[in-house]
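We use all heavy atoms of the structure for the numbers below, so side chains are in, but hydrogens, waters and symmetry mates are not.
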Amino acid sequence: MRYLVYADGASRGNPGPAAYGAVVLNSAGVVIAEMGENLGIRTNNYAEYQGAIAGLRFVETNFPGSEVELRMDSKLVIEQLSGRWQIKHPELRELAQEAHRVMRGLRVTL
């Protein structure tokens, strides 16, 4: 089965109070999971990564080996996860490594 993950993150100020949200849909377009979390004082990029990781982790945990399309408005996260952009910030590098660990159990399209 194929899944679609929509993820987003934001902070009020950068850094500032931050949160993420993610929605997972099945191939019929039915929402099967919604998640979100307040993250405290964090950057916007941190929040964006957390949203992607949460959505992908849900699919990997519940439907391992599935095909997943990740959609987000964060060009930074998509370009870094695809390997087209370098990751210079150490905290973002750790988040990208976590995302790649989760992605190993899936077939992900960015």
Under a 3.5 Å distance rule, please check whether [X] uses its side chain to pair with a backbone N or O of [Y] as donor and acceptor.
X     : Y     : value
Arg93 : Lys88 : yes
Ser11 : Asn44 : yes
Asn38 : Gly40 : no
Asp8  : Gly21 : no
Arg12 : Ala18 : no
Gln80 : Gln86 : yes

Spacing of [atom1] belonging to [X] relative to [atom2] belonging to [Y], to within rounding of 0.5 Å:
X      : Y     : atom1 : atom2 : result
Arg101 : Leu56 : CZ    : CG    : 13.5 Å
Glu67  : Leu4  : CD    : CG    : 11.0 Å
Met103 : Leu81 : CE    : CG    : 5.5 Å

For Asn62, all residues meeting side chain to side chain contact (heavy atoms under 4.5 Å, CB included), sequence neighbours excluded:
Phe58
Identify whether the distance between the nearest side-chain nitrogen and carboxylate oxygen of Arg57 and Glu98 falls below 4.0 Å.
yes
Closer than 4.0 angstrom, basic N to acidic O: yes or no for Arg42 and Glu91?
yes
Less than 4.5 Å apart, side chain to side chain, heavy atoms only: is that true for [X] and [Y]?
X     : Y      : answer
Phe63 : Leu106 : no
Tyr6  : Leu70  : no
Gln50 : Glu37  : no

